[in-house]
Engineer: 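Here it is, the structure in full.
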Amino acid sequence: MVKQIKGIARDTLTFILEVSKSTAPNEFAGLLRADDGVVTEVIVLPGTESSEVSAVMRMYMLPTISIAGSVHSHPTPNVNPSRADLSLFLRTGDCNIIVGFPYNEKSWRCYDASGRKRTLPVLDIDFEDEIVI
Ligand code: ZN
């Protein structure tokens, strides 16, 4: 099981907001990985399809790694989970981010596996193993 999630790295959140914005009006969808309880990575599964109304993630493409939760975007300011979102959250974990228009620091929310709002502090983390090529 994934350790208790303490927060998300600021760089990871910035990446999520940017990719959500550039994918709009289509939805962006991915899975979250955490390192030592901090969400630091977004994984996009092969075969993920997105449209203006939904994004389809092929969960069987999920590699055998532990997942902290999910992230996806909505093309509107509405960041409430849909029925389909809630059934996804049950399968992914305790940290599920929905980003809404206009894709800024205030237009996202995090939910636990049962769909309850939860806090997700944004943490300033230095990535020591970043490789610049
Ligand atoms: Zn949704």
Side-chain angles (χ1 to χ4, degrees):
M1 265 314 273
V2 176
K3 266 202 231 173
Q4 188 81 22
I5 301 299
K6 316 185 271 225
I8 183 169
R10 187 174 300 278
D11 287 354
T12 307
L13 178 65
T14 303
F15 171 78
I16 288 170
L17 296 173
E18 281 172 3
V19 73
S20 295
K21 195 172 191 169
S22 64
T23 309
N26 285 358
E27 292 194 5
F28 162 72
L31 296 165
L32 301 175
R33 276 200 83 185
D35 188 18
D36 218 7
V38 179
V39 174
T40 54
E41 215 178 320
V42 181
I43 296 165
V44 178
L45 296 181
T48 298
E49 286 168 15
S50 78
S51 73
E52 294 185 26
V53 288
S54 66
V56 177
M57 276 198 289
R58 306 194 188 287
M59 296 299 282
Y60 59 81
M61 294 299 285
L62 184 62
T64 52
I65 50 171
S66 58
I67 290 299
S70 68
V71 56
H72 74 279
S73 63
H74 285 172
T76 66
N78 177 6
V79 290
N80 294 315
S82 66
R83 190 181 283 252
D85 292 344
L86 292 171
S87 60
L88 171 73
F89 297 171
L90 280 174
R91 298 178 61 182
T92 50
D94 262 328
C95 181
N96 299 283
I97 296 173
I98 298 180
V99 189
F101 180 85
Y103 316 108
N104 62 31
E105 310 256 315
K106 292 195 176 102
S107 64
W108 63 280
R109 207 183 274 159
C110 191
Y111 301 89
D112 68 14
S114 53
R116 278 186 296 257
K117 273 184 241 177
R118 54 158 292 173
T119 57
L120 186 67
V122 179
L123 307 171
D124 288 301
I125 303 278
D126 282 327
F127 291 97
E128 286 160 22
D129 57 353
E130 226 166 14
I131 300 169
V132 180
I133 53 169

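Atoms within a ligand are numbered from 1 in the order they appear, just like the ligands themselves.
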Engineer: Tell me the ring pair (Phe, Tyr, Trp, His ring centres under 6.0 Å) pairs involving residues 66-88, sequence neighbours left out?
Structural biologist: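 Sorted pair list: H72-H74.
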
Engineer: Only counting residues at least two apart or in another chain, list the ones meeting side chain to side chain donor-acceptor pair (under 3.5 Å) with E18.
Structural biologist: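 Checked E18 against side chain to side chain donor-acceptor pair (under 3.5 Å); zero matches.
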
Engineer: Check this for me: does any side-chain nitrogen of one of R10 and D124 sit under 4.0 Å from a carboxylate oxygen of the other?
Structural biologist: yes

Engineer: State whether a side-chain donor-acceptor pair under 3.5 Å links T76 with N78.
Structural biologist: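 No, because no side-chain N or O of T76 sits under 3.5 Å from a partner of the opposite role on N78.
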
Engineer: Would you say the side chain of L45 lies within less than 4.5 Å of the side chain of L31, judging by non-hydrogen atoms?
Structural biologist: yes

Engineer: I'd like to verify the contacts: list protein N, O or S atoms under a distance of 2.8 Å from the Zn ion (ligand 1).
Structural biologist: H72 NE2, H74 NE2, D85 OD1, D85 OD2

Engineer: Mind jotting down which residue pairs meet the side chain to side chain donor-acceptor pair (under 3.5 Å) criterion with at least one end in residues 37-49? Sequence neighbours excluded, please.
Structural biologist: E49-R58

